[in-house]
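A short worksheet on the structure shown next.
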Amino acid sequence: MDRALLVDLNVERDARRAAVVVTDLVNGAQRLVREAEVAGDPLAEPIGRVIRSGKSGIVQTDHGDVFLNAHLPPPRLVVVGAVHISQALARMAKLAGYDVEIIDPRTAFATKERFPDVALVAEWPEAVLKARPLDAYTALCVITHDPKIDDYPLIAALKAGCFYIGALGSRKTHARRVERLTDAGMSAQALDRIEAPIGADIGASTPGEIAVAILASVIEAFRKRKMFAERRGETEAA
C-alpha cells in the first residue's frame, strides 16, 4: 500500500470513521474512499454495501475487477445508567463484539463489584463525553430515568449521528422527555430517532429480557444503518 494512502487511512481510523481501500486488480492502482465521500463515488453502491456489512470482497466493474477492503471502527455501546439492565446488557454486548462503556455519576451504583471487566466511569456524562465524544459507530442507551443524567447524552448522540439511540421509560415519560429536548432546541425530526420505549417489542419484563431486547435493537440498527452522511444530513436539516 502506498505510504500516503496508509497515512490517510490511519487518519480515518484514529477518528473512528469508516473508509474503503479500492484496489484495481488489473493494474494494482489503489485509492481511498472515505465514508463521507461514498455518495459521489462511481462505485457508491458496492462501497456502501461493504461499509454496512463490514465484509470486504471483489466487485466486477466495466473496467475489470476491483477489491474493496472495508475498514470500520469497532462498534461501541455507551450505556448511561449503572442499573440491573446494564449488568446483563454489558455482558451480552461484549459477546456480540461491542466495546462497552457504562457511565453513571451515582457512585452507589457505579461500582466495580457490580460491573467487573467493563469500562465503568462514575462521572457525569457531560465530562465523559467531552473527553470521549460519541460518533456514528456508537450506540447510546440511557436508562437512569433521571433527566439530569439522561438529557445531555441524548442531545449529544443526536448531534453526533449515533447509529442507535434508545431511552428507557414509558410513552408518558418519553413525552415529557421530548418536551424538554424540544425546549433545548432539538427538532421533531431529530427526536424521532430516539427509540422509546427502548428495545425490540418482545414483551420483555425482567432486566435480562430487557437487555436482550435492547441488544436486538442495537444490532438491527447497526446492520441496517444509513451512511453517516445521510444521518448528518438529517441532523443538519433538523
Side-chain angles (χ1 to χ4, degrees), residues 1-79 93-103 117-121 127-140 153 156-165 218-237:
M1 182 183 294
D2 177 77
R3 181 178 177 83
L5 190 150
L6 180 59
V7 169
D8 289 343
L9 176 59
N10 285 336
V11 168
E12 300 306 299
R13 286 171 169 166
D14 291 344
R16 284 183 51 82
R17 294 190 294 259
V20 174
V21 176
V22 180
T23 302
D24 189 321
L25 296 180
V26 176
N27 59 28
Q30 292 185 311
R31 60 189 180 90
L32 182 70
V33 180
R34 300 165 180 82
E35 182 174 356
E37 303 167 343
V38 171
D41 195 273
L43 298 177
E45 183 177 347
I47 290 175
R49 192 162 56 243
V50 301
I51 286 179
R52 289 185 179 93
S53 68
K55 296 180 179 179
S56 304
I58 295 174
V59 172
Q60 294 180 335
T61 75
D62 294 339
H63 304 289
D65 292 350
V66 298
F67 185 77
L68 303 181
N69 193 357
H71 296 266
L72 272 63
R76 174 186 174 208
L77 174 62
V78 173
V79 182
K94 287 182 70 175
L95 288 174
Y98 286 78
D99 292 338
V100 181
E101 182 174 21
I102 310 290
I103 303 170
D117 305 319
V118 176
L120 176 68
V121 187
V128 180
L129 299 183
K130 285 175 182 176
R132 291 186 297 283
L134 302 172
D135 57 50
Y137 284 83
T138 300
L140 175 80
L158 290 169
K159 291 180 177 179
C162 288
F163 72 83
Y164 174 81
I165 306 169
V218 169
I219 292 172
E220 180 182 31
F222 184 67
R223 292 305 175 190
K224 296 181 179 180
R225 68 194 183 282
K226 295 180 179 180
M227 305 294 285
F228 175 61
E230 296 174 77
R231 295 196 297 278
R232 182 177 60 186
E234 289 177 357
T235 303
E236 290 174 349

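Residue numbers count from 1 along this sequence.
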Item checked: Arg17/Glu35 ion pair, N-O < 4.0 Å ->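 Judged by the 4.0 Å cut-off on N to carboxylate O distance, Arg17 and Glu35 do not form a salt bridge.
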Minimal non-hydrogen separation, [X] against [Y], with atom names:
{"X": "Gly54", "Y": "Leu72", "result": "CA-CD2, 3.9 Å"}
{"X": "Arg16", "Y": "Pro74", "result": "NH1-O, 3.0 Å"}
{"X": "Lys94", "Y": "Asp117", "result": "NZ-O, 2.5 Å"}
{"X": "Ile102", "Y": "Val118", "result": "CG1-CG1, 3.6 Å"}
{"X": "Ala119", "Y": "Val100", "result": "CB-O, 3.5 Å"}
{"X": "Gly64", "Y": "Val26", "result": "CA-CG2, 4.1 Å"}

### Query
Taking it one step at a time, do Phe67 and Val21 satisfy side chain to side chain contact (heavy atoms under 4.5 Å, CB included)?
CA-CA 8 Å; Phe67 185 77; Val21 176; over 6 Å; no
Item to complete: State which residues pass side-chain hydrogen bond (donor to acceptor under 3.5 Å, both in side chains) with Arg76; sequence neighbours excluded, sorted by chain then number.
Response: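 Only Glu101 meet the side-chain hydrogen bond (donor to acceptor under 3.5 Å, both in side chains) criterion with Arg76.
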message: Could you work out, with side-chain hydrogen bond (donor to acceptor under 3.5 Å, both in side chains) as the rule, every residue matching Lys130, not counting sequence neighbours?
response: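 With neighbours one apart ignored, the set is empty.
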For the atom pair [atom1] ([X]) and [atom2] ([Y]), what is the distance rounded to the nearest 0.5 Å?
{"X": "Arg49", "Y": "Leu43", "atom1": "CZ", "atom2": "CG", "value": "10.0 Å"}
{"X": "Leu129", "Y": "Leu134", "atom1": "CG", "atom2": "CG", "value": "4.5 Å"}
{"X": "Asn69", "Y": "Thr23", "atom1": "CG", "atom2": "OG1", "value": "7.0 Å"}
{"X": "Ile103", "Y": "Arg132", "atom1": "CD1", "atom2": "CZ", "value": "7.0 Å"}
{"X": "His63", "Y": "Asn27", "atom1": "NE2", "atom2": "CG", "value": "11.5 Å"}
{"X": "Leu9", "Y": "Asp2", "atom1": "CG", "atom2": "CG", "value": "11.5 Å"}

Are the side chain of [X] and the backbone of [Y] linked by a donor-acceptor contact shorter than 3.5 Å?
{"X": "Arg13", "Y": "Asn10", "value": "no"}
{"X": "Ser56", "Y": "Ala70", "value": "yes"}
{"X": "Arg223", "Y": "Ser53", "value": "yes"}
{"X": "Arg52", "Y": "Lys224", "value": "no"}

Handout entry: Test item: Arg31 and Asp8 side chains (from C-beta on) under 4.5 Å apart, heavy atoms
Key =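 No, every pair of side-chain atoms sits at 4.5 Å or beyond.
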Run through Thr61, Leu32, Val66, Val59 and flag the one making a side chain to side chain contact (heavy atoms under 4.5 Å, CB included) with Val22.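 Of the listed options, the one satisfying the test is Val66.
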inquiry  = So, applying side chain to side chain contact (heavy atoms under 4.5 Å, CB included) with Tyr98, which one of Thr138, Ile219, Val78 is it?
reply    =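 It is Ile219, the one option of Thr138, Ile219, Val78 that forms the side chain to side chain contact (heavy atoms under 4.5 Å, CB included) with Tyr98.
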Exercise. Parallel under 30°, tilted from 30 to 60°, perpendicular over 60°: which one fits the rings of Tyr137 and Phe222?
Worked result: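 Perpendicular.
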